[in-house]
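Chain identifiers are assigned alphabetically (A, B, ...) following the order of the sequence lines, protein sequences preceding nucleic acid strands; residue numbering begins at 1 within each chain.
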Amino acid sequence: MLSRVAESLFWMGRYLERTEHLARYINVEYFSSLDGSNLQQHDMAILSIADMIGLPKPDIDGSLNEEEVLVGAALDEHNPVSILSALFSARENARSVRESISSELWESINNLYHFVANYPVDVYKTRGLSDFTNHVLQHCSNVRGRIEHTLLHDVGWKFIQLGMQVETASQIVRIMISKLNDIEANRKLKIGRSIYPILLDCVEAKDMCIKYYTTAPNRNNTMEFLLFNPDFPRSVSSCLNKALTYLKEIEPQKGKREHRLEFKIAKFIIPFEYMEVKELDNNLPEFLEQLLSKIYKISDMIVEEYFN
Amino acid sequence: MPIYNISYSTQNTYSALSKESVLEFLVSPTKNDTQEVLESSFEINPDTPSYVSKNVFGFESIRFRLKNQPEKIEFKYNAIVDKKEINPFNFLPIPYEEEMAIIHSDSFGIDHFPFLSFDKYTRIPADYSCPVMQEGESVYDFLKRINQFVNTQLTYDSSITDAYRKLETTLLDRKGVCQDYAHFMLAILRVNKIPARYVSGYLNQGDSIIGAGAIHAWVQAKIPGVGWIGFDPTNNLLEDFHYIKISHGVDISDCPALKGVIKGTGENYTSYNVSVKEQIKEVNQ
Amino acid sequence: MQNNEGLFNNYPLTNNLFDEVFSSPGKVQDYYQQLISNFDTITASEYQMMNESAKKSFLYQGITFATYNQNPKGVERIFPFDLFPRIIHQPEWDVIEKGLLQRAHAINLFLHDLYHDKKVLKDGIIPKELVFSSGNMLKEMNGFTPPGKIYCHISGTDLIRHSDGNYYILEDNVRCPSGVSYVLANRDAMKRTLSRMFKKFNVSYVFDYPAALLEVLQSVGPKGVDEPVCVVLTPGIYNSAYYEHSALALKMGVELVEGRDLFVDQDFVYMNTIYGPEKVDVIYRRIDDAFLDPLAFRPDSVLGVPGLMSAYRKGNVSLVNAPGTGVADDKAVYAYMPEIIKYYLGEDPILKNVPTYRCDVESDMKYVMEHMDELVVKPVDQSGGYGIFIGSQETKESIEKEKALIKSNPRGYIAQPIMNLSVHSTYIEKTEKFEPRHVDLRTFTLIGKDYEYVLKGGLSRVALKEGSLIVNSSQGGGSKDTWVVN
């Protein structure tokens with residue numbers, strides 16, 4: 001497999017995953033905050049979306065233009081982290097490896113791109129937010145199905161998976177950081193209770209988390225579930241473990257053990273694997289920031305090893 | 001039989017890191033009837049794997065590829081060349097009529113493609129009246145006349161650093177370096193249907209000879225019934241045992257000492273040095 | 001025809017033009033009879049729906065024009081496609097096929113001769129100046145013999161049908177002819193949209209082209225390589241033909257590489273893979289000669305591979321098509337093609353040339369100057385329909401201007417009588433009716449070692465503008481599926 005092709009597949013995976021997370025984030029944040037007991041909660045949701053897509057924080061008194069934020073997050077081609085931009089990158093990567101993927105997968109990505117690129121901004125702003133995000137999510141799961149069922153599960157496929165797992169892990173951590181910030185910034189509102197279910201919804205984890213703990217989501221169980229649950233596919237630890245497995249399968253099993261990428265990365269994340277939430281409680285934000293930079297580092301290590 | 005110690009060295013400095021670059025050096029003297037390479041070696045700093053490849057006219061170049069280019073690359077080449085003291089001008093020309101018949105025959109023109117073609121280096125501007133062969137003038141006499149003509153038409157100007165100047169430009173300011181002299185002469189000869197090729201090489205340094213300290217350029221022309229004979233319009237001299245040939249081609253684009261393909265941005269600065277020294281031969285037979 | 005809503009109602013016939021479908025108002029050419037009666041049962045609104053769904057399928061497959069350069073995230077255009085197919089009757093096709101193969105073989109012999117003994121020049125069949133001054137004769141190919149003596153593995157020859165009903169060769173394309181992927185995509189869309197009609201005709205298939213191309217590539221591998229590694233070399237995703245490059249690589253199951261994926265060491269070509277370098281043996285290159293190797297040609301090329309030409313000349317890698325084939329599809333050389341075929345094969349050309357006047361020949365020049373209003377003047381070194389001058393459609397002043405242009409560079413121009421390209425019924429979205437439009441036919445011929453192939457049918461290109469003769473996609477042309485039918 002060409003290094004360039006592997007690289008494009010990896011980034012295609014990352015951008016597809018990013019698209020899906022962004023769409024779900026907008027959807028969950030926006031709708032969950034509509035019936036809050038406090039109107040500030042809705043402002044907070046908009047602020048939080050703005051934060052996710054990298055818009056500058058407004059002054060303490062300055063209010064955000066809701067439409068601007070929502071359009072910026074989804075359909076703004078100039079915003080490099082909008083859904084449209086992420087999708088554009090996913091599609092450009094797919095296009096550059098068009099001959100290495102199935103027609104079905106290409107068409108589903110291309111289809112999704114055209115859906116987003118041609119979605120009327122006016123409709124989106126006024127009444128289409130739900131329709132838009134739901135459709136994007138549906139398309140995404142369609143793409144996911146095509147990745148699963150129409151490709152050889154060979155090295156190239158593993159690079160796609162690698163990209164998706166790395167991206168998912170980083171998105172979960174980013175969302176957690178963002179939510180902890182929200183709680184911190186609004187201590188007086190005592191919003192923790194309503195925030196944890198939203199956080200779980202952002203990764204489609206709420207039902208399973210409640211089922212697992214048979215109690216309402218709280219700080220402890222939410223964090224533990226999203227960080228460490230070995231059986232939930234969108235926990236950080238699941239994602240990283242899967243990434244490790246794929247890396248192991250990609251790597252030729254030769255040369256010194258300690259020179260292998262899988263070994264280096266495993267060593268890098270192993271302390272994380274055996275931690276407990278209670279150990280972290282005092283410095284959770286700090287821990288999450290470190291974890292995020294570690295995940296980015298893993299991506300850099302893969303790029304360095306295989307694409308340069 | 002003079003023996004020459006030849007050395008060529010260059011330093012390339014880059015202002016920005018480039019991802020990948022390929023360098024090609026065409027500096028090794030060729031082997032032919034009049035010269036033989038007794039020894040040769042080269043060195044690249046930092047040490048880089050290289051290989052020798054043949055260009056379109058069969059001349060050998062040294063190539064290497066650099067990844068994540070260092071700021072500075074040094075290349076040094078050394079050779080010892082044995083040059084035979086043959087006088088290439090000691091020949092009997094064929095009769096004038098025969099010579100002319102060959103020059104104007106279709107097959108002569110066809111066989112010597114591409115040494116009769118014109119491009120930006122060898123195309124005479126439309127408003128320039130190009131010298132032509134006189135009635136009764138032999139090819140050899142004409143060649144000598146043009147060698148001198150080109151020499152007097154241009155003024156040598158070592159401040160010109162662009163090795164790839166169009167003939168048009170040269171004829172505007174009437175200045176040039178050895179490449180420009182060579183291209184001008186090639187152009188006139190080709191207009192007169194005499195196959196002519198560009199030659200790069202080393203020149204044994206004499207006191208008044210221009211072209212020492214750098215790779216030199218001159219011209220070889222095909223004289224019917226005789227063969228390829230060399231002329232140095234820069235110095236108005238004939239090619240003899242002071243001239244050590246590296247390669248020939250249609251024009252400079254086939255013969256530069258260094259070609260580089262650099263992927264990335266940034267400026268590139270090259271400095272080089274050439275020396276040719278005659279060995280005092282030890283007589284111990 | 002009785003149906004008032006019929007798509008062919010009020011179909012206009014033009015005098016002096018050969019209409020491939022209608023011989024006279026309401027009278028359908030024999031082998032279109034069945035097709036027309038099938039189409040006549042379709043209402044305009046049904047047809048529009050089919051048309052829309054076919055267009056959508058092109059969009060979703062990504063078979064679009066790259067308008068990227070101006071607006072990377074902008075609206076994409078599809079290559080206009082007409083659902084009404086063109087039919088070529090099998091006996092007619094058999095002649096075309098023979099003619100194309102004859103021409104392809106003659107061109108290969110011609111190229112081998114030009115780059116070796118040059119007998120064709122010495123025997124005075126073609127003036128040597130014509131070849132040497134074209135700038136397309138590469139010294140890098142002089143004396144070099146590619147595997148199987150094949151230079152031109154892929155030819156895309158353009159044919160037209162004149163008002164006499166005969167096919168003529170309009171132009172040879174032997175550098176990097178494109179368009180074949182549209183043939184495959186058009187057929188696909190047709191089968192989906194008009195599936196019922198296919199059942200009634202015995203249409204020759206086209207899906208075997210990629211397999212045939214792969215066979216050609218594998219047949220010309222370097223000496224001693226049993227199973228050559230073949231790749232398609234593309235300039236990248238911003239090239240207007242990128243869809244084609246990726247589609248062919250996908251359908252052949254070979255890697256699609258860019259110049260930056262390849263490098264040369266010890267005169268061998270390698271591609272960078274995740275597990276290190278892997279040797280490449282055959283390159284189907286879709287970049288022009290000038291960009292192939294910055295060490296040999298344009299030093300500023302970032303698309304090519306430094307050192308590729310030395311590797312090629314050493315026989316360590318094969319290039320398809322060979323560099324330097326452009327000397328054979330030069331429009332001035334085209335005029336000599338009948339003589340060339342006769343010279344190398346001792347046969348008369350099966351397919352005729354369009355009569356051509358060469359402006360560098362004195363008597364031809366005189367004729368051209370006197371008959372500008374009846375001629376089409378073409379620059380010899382332009383493709384894609386650029387620089388074409390159609391005398392009958394120009395003012396006196398611009399004719400004078402063109403005359404001066406020709407006089408300043410006679411070698412640069414040829415002229416041909418205005419050939420009445422045949423017309424074909426084509427659905428026009430604006431009027432929601434079928435109207436006659438000019439068509440030509442791009443064919444695809446493959447030559448490998450002991451192997452030859454002609455794609456059955458080809459790409460019928462349609463000039464969508466009323467009265468226009470220019471069919472190139474870059475100038476507002478569309479296409480039709482082409483059926484070779486028994």
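Looking at every heavy atom in both residues, C/Gly62 comes nearest to A/Asn110 through N-ND2, 3.3 Å. Taking every heavy atom of both residues into account, A/Glu99 and C/Tyr242 meet most closely at OE1-OH, 4.5 Å. Nearest heavy atom pair, residue A/Trp106 against residue C/Gln61, reads NE1-O, 2.8 Å. Here the closest heavy-atom approach between residue A/Leu2 and residue C/Leu256 is recorded as CD1-O, 3.6 Å.
Within a 6.0 Å sphere centred on NZ of A/Lys294, heavy atoms belonging to other residues, nucleotides or ligands number more than 12. No more than 12 heavy atoms of other residues, nucleotides or ligands shown are found within 6.0 angstrom of CG on C/Asp226. With a 6.0 Å radius and a threshold of 12 heavy atoms from other residues, nucleotides or ligands, C/Glu227 has its CD atom at or below the threshold.
Heavy atoms of A/Ile101 lying under 4.5 Å from chain C belong exclusively to its backbone. With a 4.5 Å cut-off on non-hydrogen atoms, C/Val257 touches chain A through its backbone and its side chain both. For a residue to count as touching a neighbouring chain, one of its non-hydrogen atoms must lie under 4.5 Å from one of that chain's; by this rule A/Val97 touches chain C with the backbone only. Looking at C/Tyr243, neither its backbone nor its side chain comes within 4.5 Å of chain A, counting heavy atoms on both sides.
No side-chain heavy atom of C/Tyr275 sits less than 4.5 Å from a side-chain heavy atom of A/Glu251. Counting only heavy atoms from C-beta outward, the side chains of C/Leu250 and A/Ser103 approach each other to under 4.5 Å.
Relative ring orientation between C/Tyr60 and A/His114 is described as tilted, the plane-to-plane angle lying within the 30° to 60° band.
Between the side chain of A/Tyr306 and the backbone N or O of C/Thr273 there is no donor-acceptor pair closer than 3.5 Å. Formation of a donor-acceptor pair under 3.5 Å by the C/Asn272 side chain with backbone atoms of A/Arg4 is not found in this model.
Taken to the nearest 0.5 Å, the OG atom of A/Ser3 stands 10.5 Å off from the CE atom of C/Met271. Here A/Phe159 contributes atom CZ and C/Ile274 contributes atom CD1; the two are 4.0 Å apart, rounded to the nearest 0.5 Å.
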